[in-house]
Amino acid sequence: HATTRLCMELLEDRCKAGDRMLDVGCGSGILAISAAKLGATQCFGVDIDPMAVRTAKENRGPRKKFLRPLCFYRVEDCFFMQSLNFQLYL
């Protein structure tokens with residue numbers, strides 16, 4: 001998708017080590033996964049569709065693959081994020 005491509009370009013320009021990233025409407029999780037690979041310390045993806053969250057988790061693969069948190073949640077399960085400070089919102 002064109003918007004995904006544009007967001008990827010933004011991540012390449014703006015994402016740096018130590019960033020905390022929130023991907024709202026994460027779909028397949030590609031943006032959060034990319035941010036983790038670019039060095040973001042914590043990456044969270046949220047979606048209203050349980051199937052999208054399941055797909056994002058499958059695309060992420062085993063958690064041990066990433067040394068930093070890369071988590072996906074349904075919107076109703078992410079109220080704990082209210083107190084987190086994010087550097088990147090997508």
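If you read the sequence from its start, that first residue is 1, and numbering goes on from there.
To the nearest 0.5 Å, atom OG of residue Ser28 and atom CD of residue Glu58 are 11.5 Å apart. Atoms CZ and SG, from Arg5 and Cys7 in turn, are 11.5 Å apart once rounded to the nearest 0.5 Å. Here CG of Asp23 is found 5.0 Å from CG of Leu31. Values are rounded to the nearest 0.5 Å. With rounding to the nearest 0.5 Å, the separation of CG in Leu10 from CD in Glu12 is 9.5 Å. Between the CD atom of Gln87 and the CZ atom of Arg14 there is a distance of 13.5 Å, given to the nearest 0.5 Å. To the nearest 0.5 Å, the span separating CG on Leu22 from CZ on Phe86 amounts to 4.5 Å.
Legend: salt bridge (Lys or Arg N to Asp or Glu O under 4.0 Å) pairs involving residues 72-83, not counting sequence neighbours, sorted by first then second residue: Arg74-Glu76, Arg74-Asp77.
Residues Val46 and Cys26 are not in side-chain contact: their nearest non-hydrogen atoms beyond the backbone lie 4.5 Å or more apart. Taking 4.5 Å as the limit, some side-chain heavy atom of Ile30 sits within range of a side-chain heavy atom of Thr4.
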Practice task
Carefully, step by step, assess Phe72 and Arg54 under the rule side-chain contact (heavy atoms from CB on, under 4.5 Å).
Solution key: CA-CA 8 Å; Phe72 298 99; Arg54 185 175 16 240; over 6 Å; no
Exercise for the section: Test Leu90 against Val24 for side-chain contact (heavy atoms from CB on, under 4.5 Å), laying out the working first. Expected result: CA-CA 6 Å; Leu90 297 175; Val24 180; over 6 Å; no
Exercise for the section: Evaluate side-chain hydrogen bond (donor to acceptor under 3.5 Å, both in side chains) for Arg20 paired with Gln42, printing each intermediate quantity in order. Expected result: CA-CA 5 Å; Arg20 183 180 289 145; Gln42 293 180 313; 2.4 Å; yes
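Closest non-hydrogen pair, Gly27 versus Asp47, comes out as N-OD2, 2.9 Å. Shown here for Ala36 and Cys43, the closest heavy-atom pair between the two residues is N-SG, 3.5 Å. Across every non-hydrogen atom of Cys71 and Arg60, the tightest pair is CA-NH1, 4.2 Å.
Put simply, the side chain of Asp19 never gets that close to the backbone of Met21: no donor and acceptor are under 3.5 Å apart.
More than 12 heavy atoms of other residues, nucleotides or ligands shown are found within 6.0 angstrom of CG on Leu84.
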